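Before any comments, here is the structure.
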Amino acid sequence: MSLKGKTALITGSTSGIGLGIAQGFADEGINIVMNGFGDKDEIAKSCAEIESKGVQCIYNGADMTKPDEITSMIHDAAKEMGSIDILVNNAGIQHVAPVEEFPPEKWDAIIAIILSSSFHTIRTAVPYMKRQGWGRIVNNASAHALAASPYKAGYVAAKHGVAGLTKVIGLELAEDNITCNAICPGYVKTPLVDGQIADTAKARGITEEEVVRDVLLKAQWTKKFVTTDQIAQIALFLCSDAAENITGTTISVDGGWTAA
Ligand code: NAD
């Protein structure tokens, strides 16, 4: 079945991986609901670029820490676009600090944006998917859904939670023609990682070059950053007919990191 004409809602798609997924999906004729923060003109520009591929693109600025805004976003998008066929939970933030210095408000924000928002988008979008008898849920998790690194208590806990949620939803919806899977990328060079390089350098007292060589790509055996387009292509595969029996699982895209 072609994905052309389907609608995908991608949280956190104003930047980085989410924007890459939106662009890759639009190339396949999928209409896009964009979400995330950022400069108004930049967002309008990204939406116009997506529309230039011959698909519809709308933007909803719902804050993923606010359940009411999340549920309204799903209902509004379904009304405006006719349906939500594909949901990509991608919004995320990071904070790097030793646990005894980890600010509780950062912990709360990370859990809300990465884990709780996925629960709220899924619980609201699933009735639309059930009604139409087809749906795809792709959670952009992380290698940190499967393995830990020091100084990332909030992020690692939230991403492990996403892996658990993915399994539950995969089982619950297995007979509804709706799959739920998590992509687990290693490091992708995006604004989120750029910020992390600086923070990790500070936390470990080393230079930013040393962070890239000795921390980030140390565990990535291919010694290559993952690209946003590679993740978009894997998400598209998970939406294809070939993947209809792939559900409740994690797909590592981490250059061998979690194999070691
Ligand atoms: P990014 O900073 O470029 O993008 C994050 C997106 O989330 C942005 O669109 C931002 O506006 C949005 N966002 C943040 N807080 C939000 C909120 N409260 N409400 C709505 N949107 C919000 O980062 P990225 O690297 O593209 O990360 C995207 C996802 O990929 C995250 O979940 C991240 O954990 C995951 N990931 C990233 C990497 C990597 O190396 N970059 C690796 C594995 C997983």
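For clarity, every value in this text was computed on a predicted model and none was experimentally measured. Order of appearance sets the numbers: ligands from 1, and atoms from 1 within every ligand.
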Problem - side chain to side chain donor-acceptor pair (under 3.5 Å) contacts touching residues 202-217 (sequence neighbours left out) - result: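 Qualifying pairs, neighbours excluded: T207-E210.
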Problem - Polar side chain donor-acceptor pair, D85 to S83, under 3.5 angstrom - result: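 On atom types as modelled, these side chains qualify, holding a pair under 3.5 Å.
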Exercise for the section: Quick one: sort the H144 and Y155 rings into parallel, tilted or perpendicular, breaks at 30° and 60°. Expected result: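 Correct class here is perpendicular.
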Problem - Charged N-O contact under 4.0 Å between D63 and K66 - result: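 Yes, charged N to carboxylate O under 4.0 Å.
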Practice task
Could you list all the ring-ring contact (aromatic ring centres under 6.0 Å, His included) pairs where at least one residue sits in residues 214-236, not counting sequence neighbours?
Solution key: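 Residue pairs with at least one partner in residues 214-236: there are none.
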Starting from the N and O atoms of ligand 1, find every protein N or O within less than 3.5 Å and list the pair with its distance.
| residue | atom | partner | partner atom | Å |
| --- | --- | --- | --- | --- |
| ligand 1 | 3 (O) | S15 | OG | 2.5 |
| ligand 1 | 9 (O) | G12 | O | 3.2 |
| ligand 1 | 9 (O) | T14 | N | 3.4 |
| ligand 1 | 9 (O) | T14 | OG1 | 2.8 |
| ligand 1 | 11 (O) | T14 | OG1 | 3.4 |
| ligand 1 | 11 (O) | F37 | N | 2.8 |
| ligand 1 | 11 (O) | F37 | O | 3.4 |
| ligand 1 | 18 (N) | D63 | OD1 | 3.0 |
| ligand 1 | 19 (N) | M64 | N | 2.8 |
| ligand 1 | 25 (O) | T190 | OG1 | 2.4 |
| ligand 1 | 26 (O) | I17 | N | 2.8 |
| ligand 1 | 30 (O) | N140 | ND2 | 2.8 |
| ligand 1 | 32 (O) | N90 | O | 2.7 |
| ligand 1 | 32 (O) | K159 | NZ | 2.9 |
| ligand 1 | 34 (O) | Y155 | OH | 2.5 |
| ligand 1 | 34 (O) | K159 | NZ | 3.1 |
| ligand 1 | 40 (O) | V188 | N | 2.6 |
| ligand 1 | 40 (O) | V188 | O | 3.1 |
| ligand 1 | 41 (N) | V188 | O | 3.0 |
| ligand 1 | 41 (N) | T190 | OG1 | 3.1 |

Handout entry: Linked hydrophobic residues, V96 as query - side chain contacts closer than 4.5 Å
Key =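 When side chains under 4.5 Å apart are linked, the cluster holding V96 also contains Y151.
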